[in-house]
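Below is one structure, written out as C-alpha cells, with a few remarks after it.
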Amino acid sequence: MVMDVTALSLLMGAAVGVVLALTGAGGGILAVPLLVFGLHLQMSQAAPVGLLAVGLAASVGALLGLREGVVRYRAALLIGLTGMLIAPLGVWLSHLLPNGPVMAVFAAILGWVAWRNLRQARRTSASTLQRKRPVCAMNPATGRLSWRAPCTAVLSATGALSGLLSGLLGVGGGFVIVPMLGGFSDVPTRGVVATSMAVIALVSVGGVLGAASQGGMNWAIALPFAAGAAGALVAGREVSQRLSGARIQQAFGLLAGGVALAMLYRSILG
C-alpha cells in the first residue's frame with residue numbers, strides 16, 4: 001500500500017510540474033485538487049504538500065531562467081519577500097477555517113482562473129491592440145524595469161496576495177503573479193513566466209516552514225510528490241517551446257474550470 005501511495009504521489013506531482021512548466025502558474029491549483037481527490041487528504045493536509053512540490057519545481061525553473069537571463073530578479077525579490085511575510089498568516093487561517101468553506105473559496109478562484117485563461121487565449125489569437133504605457137515599464141536601454149512608486153505598490157500588493165493564498169490554499173500564487181506582472185508591465189512572456197517561478201520559489205518557503213513548524217506536513221506523500229513535480233518541470237520546459245501560447249491557455253482554462261466544478265461539488269457535499 002505504501003508503494004502504491006508513493007507511486008501515485010510521484011505521478012500526480014509530475015502532472016503538476018508539466019502544468020507549471022507550460023504556464024508559469026497553475027501548478028498549485030492543480031496540486032491541491034489532485035491530493036484531495038486522488039489521496040483523499042483534507043485541504044489543510046493537501047495545502048502544505050502542494051506548496052512544497054510547487055516551490056521545489058519553481059526553484060528549478062527559476063534557476064534555469066536566471067541562467068538564461070530572463071528573470072527580473074529585483075521584481076521577484078520584492079514580490080517574493082512580501083509574500084514570504086504574509087504566507088504564515090495564510091497557514092494559520094487554513095487551520096482555523098473549516099474545510100468546506102476553504103474548498104469553496106478554492107473553487108471560486110479556480111473558476112476565475114479558468115475564465116481569465118479562456119479570455120486571454122481569445123485575445124492572443126485575435127489582433128493585438130496597442131497598449132498604453134504600463135505601470136512597470138522596461139527601460140529600452142538597460143532591459144530593466146523602471147522603478148516608480150506606482151510600480152512598487154503594484155508589485156508589493158501582488159506579493160501580499162500571492163503569499164496569503166499560498167499559505168491558505170497551498171498554491172504558489174503564480175495565477176496571481178503572471179496576470180499582474182503581464183498586465184502591469186511590458187516584460188516579455190518568457191520573462192514573466194521565469195520571474196513568476198522565482199517568486200513562487202521564495203513565497204513557498206514561508207508557507208512550507210509555517211506548515212512544517214506546526215506539524216502539518218505529510219512527508220511520506222510530500223517528498224515523492226515534490227520529486228515528480230521537479231523532474232517533470234525540466235521536461236515540460238522543452239515541450240512548452242514548441243506549443244502555441246493560446247492553445248496552452250485554452251487547455252489550462254478548460255482544465256481549471258472542470259476542477260473548479262468538482263471542488264465546488266465536493267465542498268457542498270462536505
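Sequence positions, counted from 1, serve as the residue numbers for this chain. Note that the structure is predicted; figures quoted are calculated from it, not measured.
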Are any non-hydrogen side-chain atoms of [X] and [Y] less than 4.5 angstrom apart?
X: I79; Y: L202; result: no
X: L39; Y: M12; result: yes
X: L181; Y: V199; result: no
X: L209; Y: V205; result: yes

Return the [atom1] to [atom2] distance between [X] and [Y], rounded to the nearest 0.5 Å.
X: W92; Y: L97; atom1: CH2; atom2: CG; answer: 8.5 Å
X: T152; Y: R74; atom1: OG1; atom2: CZ; answer: 9.5 Å
X: L8; Y: D4; atom1: CG; atom2: CG; answer: 8.5 Å
X: L56; Y: L233; atom1: CG; atom2: CG; answer: 9.5 Å
X: S196; Y: L20; atom1: OG; atom2: CG; answer: 7.5 Å
X: I221; Y: L10; atom1: CD1; atom2: CG; answer: 13.0 Å

N/O donor-acceptor pair under 3.5 Å between D186 side chain and M138 backbone: yes
Sub-3.5 Å donor-acceptor pair from the side chain of S204 to the main-chain atoms of I200, do we have one? yes
What heavy-atom pair brings [X] and [Y] nearest, and what distance separates the two atoms?
X: P224; Y: S9; result: CG-CB, 3.9 Å
X: A198; Y: A76; result: CB-CB, 3.9 Å
X: G55; Y: S59; result: O-OG, 2.8 Å
X: I86; Y: A160; result: CG2-O, 3.6 Å

Working note: N218 + F225, criterion side chain to side chain contact (heavy atoms under 4.5 Å, CB included); need CA distance, chi angles, decisive distance, verdict. CA-CA 11 Å; N218 186 330; F225 194 81; over 6 Å; no
Under a 4.5 Å side-chain heavy-atom rule over Ile, Leu, Val, Met, Phe, Trp and Tyr, are [X] and [Y] clustered together?
X: V19; Y: L261; result: no
X: V60; Y: V193; result: yes
X: V36; Y: V5; result: yes
X: V154; Y: L145; result: yes
X: V71; Y: V54; result: no

Decide side chain to side chain contact (heavy atoms under 4.5 Å, CB included) for L64 and M197; before the verdict, give the C-alpha distance in whole Å, the side-chain angles of both, and the deciding distance to 0.1 Å. CA-CA 10 Å; L64 294 173; M197 289 191 187; over 6 Å; no
Just checking F37: does its CZ atom have more than 12 heavy atoms from other residues, nucleotides or ligands closer to it than 6.0 angstrom? yes
Are T195 and I177 close enough, and set up right, to give a side chain to side chain contact (heavy atoms under 4.5 Å, CB included), and what steps lead you there? CA-CA 9 Å; T195 303; I177 301 162; 5.8 Å; no
Given side chain to side chain contact (heavy atoms under 4.5 Å, CB included), test T158 with F184 step by step and report yes or no. CA-CA 11 Å; T158 301; F184 288 99; over 6 Å; no
